[in-house]
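Worth saying up front: this structure is predicted, and the values here are computed from it rather than measured.
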Amino acid sequence: MKIFRIMILAVVTISCATQKQAENSTTSFIKIKFGSSGGFTGMTHEYLIKNDGKVYKNTSDNLSLINQIENSEIENIEKQIGELNFMNLKLNEKGNMTYFIEVQSSTYNNRITWSDRTQNDSIKQFYKTLVKTLK
């Protein structure tokens, strides 16, 4: 009888753990690349957020893990992607400092660029949200 109870408890525990992992993989993006280029040095700074919450810095094609964000932050990012209708967003501005965001999902891949002079405040706010994940 004890073995039967232990087996039931194990099955319930495993099924709950599997459900949590499946929930994390249903996010609306696979990865987000963002960063900036130009300025005095002309260097490019690029970061990557994966849908599992891991945040990386990309230097010379090497990824270095710099942070792990919470599910609530991932959900906030997904919400902003939806509000911006990022899939259909077209923005291709260049300047002394050029900023970029590229969102890749299972259904689309879209990259936008803008400069300091852009009038699109919602993009600037979304970029600030992404930068906060670096800390």
Side-chain angles (χ1 to χ4, degrees):
M1 190 66 164
K2 285 184 179 181
I3 293 175
F4 181 70
R5 287 182 183 168
I6 291 172
M7 287 176 52
I8 297 254
L9 184 60
V11 168
V12 169
T13 303
I14 291 170
S15 67
C16 291
T18 304
Q19 179 67 24
K20 187 173 183 177
Q21 289 173 354
E23 185 179 309
N24 287 343
S25 66
T26 60
T27 57
S28 64
F29 68 90
I30 296 171
K31 62 183 176 180
I32 300 173
K33 292 180 184 178
F34 67 99
S36 62
S37 62
F40 180 72
T41 62
M43 293 184 62
T44 297
H45 301 280
E46 182 175 300
Y47 302 93
L48 172 70
I49 300 173
K50 292 189 176 182
N51 63 0
D52 61 1
K54 292 186 174 147
V55 182
Y56 299 90
K57 182 173 185 177
N58 188 359
T59 52
S60 303
D61 296 325
N62 293 321
L63 293 178
S64 303
L65 182 65
I66 58 173
N67 199 7
Q68 171 74 45
I69 60 174
E70 300 290 326
N71 282 342
S72 60
E73 291 176 273
I74 294 170
E75 290 169 2
N76 181 40
I77 290 169
E78 289 175 337
K79 181 181 174 189
Q80 289 184 45
I81 289 171
E83 289 171 351
L84 289 167
N85 190 16
F86 201 92
M87 176 171 55
N88 298 312
L89 190 60
K90 304 292 181 220
L91 190 59
N92 189 17
E93 298 176 1
K94 303 266 189 249
N96 182 42
M97 281 297 296
T98 301
Y99 303 90
F100 65 90
I101 301 173
E102 180 177 350
V103 175
Q104 180 184 349
S105 78
S106 60
T107 57
Y108 71 92
N109 187 28
N110 190 22
R111 180 182 174 102
I112 61 169
T113 60
W114 71 96
S115 69
D116 290 326
R117 296 181 180 171
T118 191
Q119 299 299 313
N120 194 328
D121 291 333
S122 57
I123 293 300
K124 289 179 183 179
Q125 185 58 44
F126 182 47
Y127 186 80
K128 287 179 185 177
T129 299
L130 295 176
V131 169
K132 286 181 186 176
T133 67
L134 302 177
K135 300 174 182 160

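The backbone N or O of S28 sits less than 3.5 Å from a side-chain atom of E78, completing a donor-acceptor pair. In terms of modelled atom types and a separation under 3.5 Å, the side chain of S105 and the main chain of T107 share a donor-acceptor contact. For the pair N67 (side chain) and T133 (backbone), a donor-acceptor distance under 3.5 Å is present. When atom types are taken as modelled, the side chain of T98 and the backbone of G95 share a donor-acceptor pair closer than 3.5 angstrom.
Hydrophobic clustering, with ILVMFWY side chains joined whenever heavy atoms are under 4.5 angstrom apart, keeps L48 apart from I101. No continuous path of ILVMFWY side-chain contacts below 4.5 Å connects L63 to L130, so the two sit in separate hydrophobic clusters. Hydrophobic clustering of Ile, Leu, Val, Met, Phe, Trp and Tyr side chains at less than 4.5 Å, counting indirect connections, keeps Y56 apart from I66. Linking ILVMFWY residues whenever their side-chain heavy atoms come closer than 4.5 Å, directly or via other members, places M87 and I112 in the same cluster.
Across E102, K31, Q104, a single residue satisfies side chain to side chain donor-acceptor pair (under 3.5 Å) together with N109, and that is E102.
E73 and I69 make their closest contact through OE1-CB, 3.4 Å (heavy atoms, listed as atom of the first residue, atom of the second, distance). Between L84 and S122, the shortest heavy-atom distance links the atoms CD2-OG, 3.4 Å. For D52 against I74, the heavy-atom pair with the smallest separation is C-CD1, 4.0 Å. The two residues D116 and K124 come nearest to each other via the heavy atoms O-NZ, 3.8 Å. Contact between F34 and Y127 at its shortest, heavy atoms only, is CD1-CE1, 4.0 Å. The two atoms that bring F29 and V103 nearest to each other are CB-CG1, 4.1 Å, heavy atoms only.
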**OP:** Carefully, step by step, assess I123 and W114 under the rule side-chain contact (heavy atoms from CB on, under 4.5 Å).
**Re:** CA-CA 9 Å; I123 293 300; W114 71 96; 3.7 Å; yes

**OP:** Please lay out, stage by stage, how F126 and E83 fare under the test side-chain contact (heavy atoms from CB on, under 4.5 Å).
**Re:** CA-CA 10 Å; F126 182 47; E83 289 171 351; over 6 Å; no

Subject >> Test side-chain contact (heavy atoms from CB on, under 4.5 Å) applied to T113 and R111, step by step >> reply: CA-CA 7 Å; T113 60; R111 180 182 174 102; 4.2 Å; yes

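Summarising the geometry, atom NE2 belonging to H45 is positioned 10.0 Å from atom OH belonging to Y99; distances are rounded to the nearest 0.5 Å. Considering OG of S36 and OH of Y47, their distance stands at 7.0 Å, rounded to 0.5 Å. The CG atom of N51 sits 11.0 Å away from the CD1 atom of I77 when rounded to the nearest 0.5 Å. Note: F100 CZ to K94 NZ = 10.5 Å, rounded to the nearest 0.5 Å. Rounding to the nearest 0.5 angstrom, the gap separating the OH atom in Y108 from the CG atom in N88 is 9.0 Å. Atoms CD1 and CD1, from I49 and I32 in turn, are 5.0 Å apart once rounded to the nearest 0.5 Å.
Checked by atom type, the side-chain pair Q80/T129 shows a donor-acceptor distance below 3.5 Å.
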